[in-house]
Every structure is written in structure tokens, then in C-alpha cells.
*Asks:* 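Quick one: structure below, then a few questions.
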Amino acid sequence: MKKHLLYPALLTLAFTPILQAEETGTNTQMNTVQKDSDFPQKAAMSGMTDMKLSKAAVEKAQNPAVKSYAQMMVSDHEKANANLMALAAKNDIKLPTELDKGDMEACAKVEAMEGADFDKAYMKKMVKNHRKSVALFQSASTSAGDPEVVGFAKSTLPTLEQHLAEAEKIEKDLNSGS
């Protein structure tokens with residue numbers, strides 16, 4: 001009788017690694033799908049924040065380098081946002097249409113500033129946002145499961161890296177009094 005009770009326990013132990021491997025495979029697939037759908041949403045939110053602040057900077061910036069950077073941002077983000085919206089539509093991913101509360105408050109704080117203070121705050125925010133965006137796009141370009149997401153991330157990444165490098169240079173110049 002004891003042998004009969006031991007047999008199901010041994011079967012369970014024997015099949016547990018197989019069941020765990022199947023479960024892990026499913027979870028990995030679910031995580032990839034989750035990352036692929038999260039990426040466009042995070043990219044859209046970042047892009048909307050940059051666009052909102054850059055449109056304000058086109059109007060308010062005093063420093064010519066800041067104003068020129070803001071104009072470049074608006075132009076480049078319009079192109080990238082159109083590509084992102086096409087990618088999302090093709091994959092039935094709903095993108096955010098307005099900023100979340102935290103981003104809205106951060107934008108309002110910068111937009112309330114004037115003159116050199118505005119220029120510095122805008123550039124500081126652009127550096128911070130682009131560091132996050134570069135990391136997000138680098139991750140998607142290497143770990144996304146959808147080849148279209150990978151392609152979009154890889155094709156957009158050089159522009160974001162250029163934006164970051166230029167933002168860092170302008171911010172440094174503003175802070176050094178150049």
C-alpha cells in the first residue's frame with residue numbers, strides 16, 4: 001500500500017522540471033509581448049512630453065541655441081511620432097493621448113519659468129528625458145520580440161543619441177555662462 005502512495009509522488013517530482021520549463025517559456029513569451037506593447041506607450045509618453053516642452057521653447061527660449069534645439073526637436077519628433085503611431089496602429093496598440101499627471105506637472109513647472117531660467121530648465125529636462133529615452137530605445141532594440149518594434153527602436157535610436165549629445169552640450173554651455 002505504501003508503494004502506491006509513493007508512485008504518484010515520484011511522478012510529480014519527475015515531471016516538475018518539465019512543467020516548470022513549459023511555464024517559464026510561456027512567461028517569457030508573455031513578458032516579451034508585454035515589453036513590446038509597453039515600449040510604444042512609453043515612447044509615446046516621452047515624445048509627447050518632449051513635444052510639449054519644445055513647442056513652448058520655440059516661443060519662449062531666449063538663447064538661440066536653445067531655440068534652434070527646440071525647433072529641431074519639434075521637427076524630429078513629428079516624424080518619429082508618425083512612425084510610432086503607424087507601428088501602434090498596425091499592432092493594435094493604443095497609445096496615450098495626453099500626458100500623465102507627473103509629466104503634466106513637470107511641464108507646467110518648466111513652462112512657468114521665463115528667460116534664462118526657462119532655457120536652463122528646458123535643457124535640463126531634455127537631458128533627463130533623452131537619457132531615459134536612449135535607455136528605453138536601446139533596450140527595445142535588443143530585447144523586443146516584435147521585429148517591427150526592434151526596427152523602429154534601432155532606426156530612431158541614433159536621432160535620440162544625437163538629441164542627447166546636443167542637449168548635454170547646450171546645457172553645459174548654459175551652466176558655464178557661454
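Numbering of residues begins at 1 and proceeds along the displayed sequence. Note: hydrogens, waters and symmetry copies are ignored here, and every other heavy atom, side chains too, is used. Only a predicted model underlies this, so the values are computations on that prediction, with no experimental measurement involved.
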*Asks:* Applying side chain to side chain contact (heavy atoms under 4.5 Å, CB included) to Met73 and Met126, what does each step give before you reach the verdict?
*Replies:* CA-CA 10 Å; Met73 290 294 297; Met126 289 299 100; 4.0 Å; yes
*Asks:* Report the residues that fulfil ring pair (Phe, Tyr, Trp, His ring centres under 6.0 Å) with Phe152, sequence neighbours left out, ordered by chain and then residue number.
*Replies:*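 Ring pair (Phe, Tyr, Trp, His ring centres under 6.0 Å) list for Phe152, sorted by chain: Phe137.
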*Asks:* At what distance, to the nearest 0.5 angstrom, does CG of Leu136 lie from NZ of Lys42?
*Replies:*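 Spacing of CG (Leu136) from NZ (Lys42) equals 6.5 Å.
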*Asks:* Between Ser54 and Tyr69, is any side-chain donor less than 3.5 angstrom from a side-chain acceptor?
*Replies:*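 Side-chain D/A pair, Ser54 to Tyr69: absent.
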*Asks:* To the nearest 0.5 angstrom, please state how far the OG1 atom of Thr49 sits from the NZ atom of Lys132.
*Replies:* 9.5 Å
*Asks:* When rounded to the nearest 0.5 angstrom, what is the spacing between CG in Asp76 and CD in Gln162?
*Replies:* 7.0 Å
*Asks:* Do Phe39 and Met45 belong to the same hydrophobic cluster, where Ile, Leu, Val, Met, Phe, Trp and Tyr are linked whenever their side-chain heavy atoms lie under 4.5 Å apart, directly or via other members?
*Replies:*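 No, separate clusters.
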*Asks:* Flag the pair Glu59 and Lys67 as a salt bridge only when some basic side-chain nitrogen lies within less than 4.0 angstrom of an acidic carboxylate oxygen.
*Replies:*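 Salt bridge absent between Glu59 and Lys67.
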*Asks:* Check whether any side-chain N or O of Ser176 sits under 3.5 Å from a backbone N or O of Lys172 as a donor-acceptor pair, and report yes or no.
*Replies:*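 Answer holds: yes.
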*Asks:* Looking at Ser141 and Ala153, what are the two nearest heavy atoms and their distance?
*Replies:* N-CB, 3.7 Å
*Asks:* Looking only at non-hydrogen atoms, find the nearest pair between Ala61 and Val66 and report the distance.
*Replies:*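 Distance-wise, the nearest heavy atoms are CB-CG1, 3.6 Å.
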*Asks:* Are Glu148 and Lys90 ion-paired here, with the side-chain N under 4.0 Å from a carboxylate O?
*Replies:* yes
*Asks:* Can you name the nearest heavy-atom pair linking Gln62 to Ala116, along with the distance?
*Replies:* OE1-N, 3.5 Å
*Asks:* Are Leu87 and Asn91 close enough that some pair of their side-chain heavy atoms sits under 4.5 Å apart?
*Replies:* yes
*Asks:* What is the minimum heavy-atom distance between Val149 and Ala140, and which atoms define it?
*Replies:*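 For Val149 and Ala140, the tightest heavy-atom pair comes out as CG1-CB, 4.5 Å.
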*Asks:* Could you check if a side-chain atom of Leu160 sits within less than 4.5 angstrom of a side-chain atom of Leu164, using non-hydrogen atoms only?
*Replies:* no
*Asks:* Should Val74 and Leu53 be regarded as members of a common hydrophobic cluster, given that ILVMFWY residues are connected when their side-chain heavy atoms come within less than 4.5 Å of each other, either directly or indirectly?
*Replies:*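 In one cluster: no.
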*Asks:* Supply the atom-to-atom distance Leu84 CG to Thr156 OG1, rounded to the nearest 0.5 angstrom.
*Replies:* 8.0 Å
*Asks:* Could you check whether any side-chain N or O of Asn175 sits under 3.5 Å from a backbone N or O of Glu171, counting only pairs where one atom can act as donor and the other as acceptor?
*Replies:* yes
*Asks:* Given 3.5 Å as the limit, does a donor-acceptor pair link the side chain of Lys60 with the main chain of Glu111, or not?
*Replies:*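 Yes, because the side chain of Lys60 sits within donor-acceptor range (under 3.5 Å) of the backbone of Glu111.
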*Asks:* Please check: side-chain N/O of Ser155 versus main-chain N/O of Gly151, any donor-acceptor pairing under 3.5 Å?
*Replies:* yes
*Asks:* Return the CD1 to CG distance between Ile170 and Asn63, rounded to the nearest 0.5 Å.
*Replies:*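 Taking CD1 in Ile170 and CG in Asn63, the distance rounds to 7.5 Å.
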*Asks:* Distance-only criterion, 3.5 Å: show the donor-acceptor pairs between side-chain atoms of residues 93-108 and protein atoms not counting sequence neighbours.
*Replies:*
unit_1, atom_1, unit_2, atom_2, d
Asp100, OD1, Gly102, N, 3.3
Asp100, OD1, Asp103, N, 2.8

*Asks:* Drop me the distance from Asn81's CG to Met48's CE, to the nearest 0.5 angstrom.
*Replies:*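 Output value for this atom pair is 9.0 Å.
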*Asks:* With a 4.5 Å heavy-atom cut-off, do Val110 and Lys124 have their side chains touching?
*Replies:*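 No, side chains not in contact.
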*Asks:* For a side-chain contact (heavy atoms from CB on, under 4.5 Å) with His130, tell me which candidate from His163, Glu166, Glu168 qualifies.
*Replies:*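 Only one of His163, Glu166, Glu168 forms a side-chain contact (heavy atoms from CB on, under 4.5 Å) with His130, namely His163.
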